[in-house]
Amino acid sequence: MIEHIFVFVFLFISILIYFKIADKYNIIDKPNHRSAHSQITLRGGGIIFPIAFIIFSLFNFNESVHEYWSFGLGLLAICFISFLDDIRTLSNRIRLSIHFISVVLLLYFTDTFSLMPFWAWPIFFIMIIGTLNAYNFMDGINGMTGIYSLVTLVSLLYINKEIVSFAEDDFIIYPILASLVFLFFNFRKKAKCFAGDVGSMGIGFWVIGLITLLIMKTQDYKYILLLSIYGMEVVLTIIERILLKENIFEAHRRHLYQLFANEKKVSHLLISTTYAVVQLIVNVFLIYSKLPVAAVVLIIFIPIGGIYLALKYSLKKKYSL
């Protein structure tokens, strides 16, 4: 407990130091026509997540050298390239190359290569890349990345303690502490900082790593649904953009949360909290359900998907989008 208090304080001080650096070197997020915010804000506050892993490694040095080296390399690589991209736009070739290497390291860390048949490797690779990008796509309003990640991480910690042990507690607690520190500065009407790509990709990588560890331990694929709200939002939005013959790789404002924030002017904090609460309800059902995976998927996606599509249709019709 004392260790965790120390880590929380250290992370808090670290982000304050980063604010000084970001302010000095003008590492800021300037709003544009696609943004859901209107004020210049410090970017890259999500650097707190790789810092949290470095602290975890120092406190667990022997284990980190032998057990976490591949995860650490993957996390730090993807965070480093994402932070550079936050400062100066990089070519897709460079970014995707590092993403590829990081995901391979993550698959190695989670024993996917040894526990899954050869033909399943590309499937896991594509799923992880897709989920990482979903994390990045959904990082657009105050509080969204932090509180959604917090709900997922707390759910994973509960599973680890009460259902099945799949990781060290601290490997889940440290990103929880980092999320709390980040939320202190981001979960505000006027955010002090944004996560940036370094934050969304960093915490996304950590959460995906934990979920993959859980799936490999249990061989139960229902735990993918711990990120079901993000997944549903991104997949349905991509389908919508394909039907509209839009370039799905270009930035846009078609996510439901963007419509609520930009057109309906709903509070960012209310939207972020709603997404997190809905995911929490899904997680509780997921953890305690004894139904087959197919039934769980249908029970989750049919009602939530129906509500999502109805809300989006209503907003688009009202605002002629």
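Since this is a predicted model, take the numbers as computed values, not measurements. Values below: every heavy atom of this structure, side chains too, minus hydrogens, waters and symmetry copies. Index from 1, following the sequence.
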Chemist: Got a donor-acceptor contact below 3.5 angstrom from the Arg43 side chain to the Asp86 backbone?
Modeler: yes

Chemist: Which pair of non-hydrogen atoms, one from Leu227 and one from Gln279, has the smallest distance, and what is that distance?
Modeler: C-OE1, 3.7 Å

Chemist: Any non-hydrogen side-chain atom of Leu213 less than 4.5 Å from a side-chain atom of Phe109?
Modeler: yes

Chemist: Check whether Thr110 reaches the backbone of Leu107 with its side chain - one donor and one acceptor, N or O, closer than 3.5 Å.
Modeler: yes

Chemist: Verify, without hydrogens or angle tests, whether Asp23 (side chain) and Phe19 (backbone) share a donor-acceptor contact under 3.5 angstrom.
Modeler: no

Chemist: Salt bridge or not for Lys316 and Glu240, using N-O below 4.0 Å?
Modeler: yes

Chemist: Working to the nearest 0.5 angstrom, can you tell me the gap between Asn92 CG and Asp85 CG?
Modeler: 8.5 Å

Chemist: So among Ile163, Val164, Ile159, which one has a side-chain contact (heavy atoms from CB on, under 4.5 Å) with Thr218?
Modeler: Val164

Chemist: Can you tell me how far apart CD (Glu67) and OG (Ser57) are? Round to the nearest 0.5 Å.
Modeler: 11.5 Å

Chemist: Specify whether Tyr148 and Tyr230 have parallel, tilted or perpendicular ring planes, treating 30° as the upper limit for parallel and 60° as the lower limit for perpendicular.
Modeler: parallel

Chemist: Would you call the rings of Tyr257 and Tyr275 parallel, tilted or perpendicular if under 30° counts as parallel and over 60° as perpendicular?
Modeler: perpendicular

Chemist: First locate atom CD1 of Ile55, then atom CD1 of Ile51, and finally report the distance between them rounded to the nearest 0.5 Å.
Modeler: 7.0 Å

Chemist: With a 4.5 Å cut-off on side-chain heavy-atom distances among I, L, V, M, F, W and Y, is there a chain of contacts connecting Ile123 to Val293?
Modeler: yes

Chemist: Side-chain contact, heavy-atom cut-off 4.5 Å: Phe301 with Leu225?
Modeler: yes

Chemist: Hydrophobic cluster membership, with links at side-chain heavy-atom distances under 4.5 Å among I/L/V/M/F/W/Y: are Val9 and Ile173 in one?
Modeler: yes

Chemist: As a quick check of understanding, evaluate side chain to side chain contact (heavy atoms under 4.5 Å, CB included) for Thr237 and Phe137, giving each step before the final call.
Modeler: CA-CA 11 Å; Thr237 302; Phe137 294 156; over 6 Å; no

Chemist: Show your reasoning for whether side chain to side chain contact (heavy atoms under 4.5 Å, CB included) applies to Leu236 and Lys312.
Modeler: CA-CA 11 Å; Leu236 290 178; Lys312 192 168 228 185; 6.0 Å; no

Chemist: Name the orientation class of the two ring planes belonging to His255 and His252 (parallel below 30°, tilted from 30 to 60°, perpendicular beyond 60°).
Modeler: tilted

Chemist: Are Trp206 and Phe49 near enough that their ring centres are under 6.0 Å apart?
Modeler: no

Chemist: Could you verify whether a donor N or O on one side chain and an acceptor N or O on the other, from Asn283 and Ser155, lie under 3.5 Å apart?
Modeler: yes

Chemist: Could you grab the distance from atom OG1 of Thr212 to atom CG of Asp111, nearest 0.5 Å is fine?
Modeler: 11.5 Å

Chemist: What is the minimum heavy-atom distance between Phe166 and Leu156, and which atoms define it?
Modeler: CE2-O, 3.7 Å

Chemist: Can we call the ring centroids of Phe185 and Phe12 under 6.0 Å apart?
Modeler: yes

Chemist: Quick test of your reading of the model: are Lys318 and Glu263 salt-bridged, counting only N-O distances below 4.0 Å?
Modeler: no

Chemist: Are Ile54 and Leu73 connected into the same hydrophobic cluster when the rule is that any two of I, L, V, M, F, W, Y join if their side-chain heavy atoms are below 4.5 Å apart?
Modeler: no

Chemist: Do Arg188 side-chain atoms and Phe184 backbone N/O form a donor-acceptor pair below 3.5 Å?
Modeler: yes

Chemist: Looking at every non-hydrogen atom in both residues, tell me the closest pair between Cys193 and Phe182 and how far apart they are.
Modeler: SG-CE1, 3.8 Å

Chemist: Would you check if Ile48 and Tyr18 make a side-chain contact, meaning some heavy-atom pair closer than 4.5 Å?
Modeler: no

Chemist: For Ala261 and Ile271, which heavy atoms make the closest approach, and how far apart are they?
Modeler: N-CD1, 3.6 Å

Chemist: Is there side-chain contact between Leu75 and Phe71, with heavy atoms separated by less than 4.5 Å?
Modeler: yes

Chemist: In sequence, state the C-alpha distance, the side-chain angles, and the governing distance for Met232 and Ile304, and then conclude on side chain to side chain contact (heavy atoms under 4.5 Å, CB included).
Modeler: CA-CA 9 Å; Met232 183 190 67; Ile304 296 177; 3.4 Å; yes

Chemist: Tell me if a side-chain donor or acceptor on Asn142 pairs with a main-chain N or O of Lys189 at a distance below 3.5 Å.
Modeler: yes

Chemist: Find out whether Phe205 and Cys79 are in side-chain contact, i.e. whether some heavy atom of one side chain is under 4.5 Å from a heavy atom of the other.
Modeler: no

Chemist: Once you round to the nearest 0.5 Å, how far does CZ of Arg95 lie from OG1 of Thr89?
Modeler: 8.5 Å

Chemist: Are Ile176 and Leu180 packed together at the side-chain level, in the sense that at least one heavy-atom pair is separated by less than 4.5 angstrom?
Modeler: yes

Chemist: Answer with yes or no whether the hydrophobic clustering places Leu256 together with Ile248; edges join I, L, V, M, F, W, Y residues whose side-chain heavy atoms lie under 4.5 Å apart.
Modeler: yes

Chemist: If I compare all heavy atoms of Tyr223 with all of Leu286, which pair ends up nearest, and what's the gap?
Modeler: CA-CD2, 4.3 Å

Chemist: For atom OH of Tyr313, decide whether the heavy atoms of other residues, nucleotides or ligands shown that lie under 6.0 angstrom number more than 12.
Modeler: no

Chemist: Between Asp170 and His4, is any side-chain donor less than 3.5 angstrom from a side-chain acceptor?
Modeler: yes

Chemist: Apply the test side chain to side chain contact (heavy atoms under 4.5 Å, CB included) to residues Met201 and Leu132: give CA-CA distance (whole Å), side-chain angles for both, the deciding distance (0.1 Å), then the verdict.
Modeler: CA-CA 6 Å; Met201 298 301 276; Leu132 273 172; 4.1 Å; yes

Chemist: For the residue pair Ile129 and His99, establish whether any side-chain heavy-atom pair is separated by less than 4.5 Å.
Modeler: yes

Chemist: Checking ring-ring contact (aromatic ring centres under 6.0 Å, His included) for the pair Trp121/Phe124: CA distance, chi angles, key distance, verdict?
Modeler: CA-CA 5 Å; Trp121 298 354; Phe124 272 87; over 10 Å; no

Chemist: So which heavy atom on Ile47 is nearest to which on Val198, and how close?
Modeler: N-CG1, 3.9 Å

Chemist: Would you kindly say whether Ser149 and Tyr135 are connected by a side-chain donor-acceptor distance under 3.5 Å?
Modeler: yes

Chemist: In plain terms, say whether Glu246 and Arg254 are close enough for a salt bridge, that is, a side-chain N and a carboxylate O under 4.0 Å apart.
Modeler: yes

Chemist: So Trp69 and Tyr108, would you call those rings parallel, tilted or perpendicular, with 30° and 60° as cut-offs?
Modeler: tilted

Chemist: Using 30° and 60° as the class limits, which term best fits the ring planes of Phe171 and Tyr68: parallel, tilted or perpendicular?
Modeler: tilted

Chemist: To the nearest 0.5 Å, what is the distance between CZ (Phe10) and CD1 (Ile13)?
Modeler: 7.5 Å

Chemist: Taking the side chain as everything from C-beta on, heavy atoms only, tell me whether Leu280 gets closer than 4.5 Å to Thr152.
Modeler: no

Chemist: For Phe100, does the CZ atom have more than 12 heavy-atom neighbours from other residues, nucleotides or ligands under 6.0 Å away?
Modeler: no

Chemist: Are there more than 12 heavy atoms of other residues, nucleotides or ligands under 6.0 Å from atom OH of Tyr308?
Modeler: yes

Chemist: Assigning hydrophobic clusters by single linkage (Ile, Leu, Val, Met, Phe, Trp, Tyr; side-chain heavy-atom cutoff under 4.5 Å), is Phe118 placed with Ile126?
Modeler: no

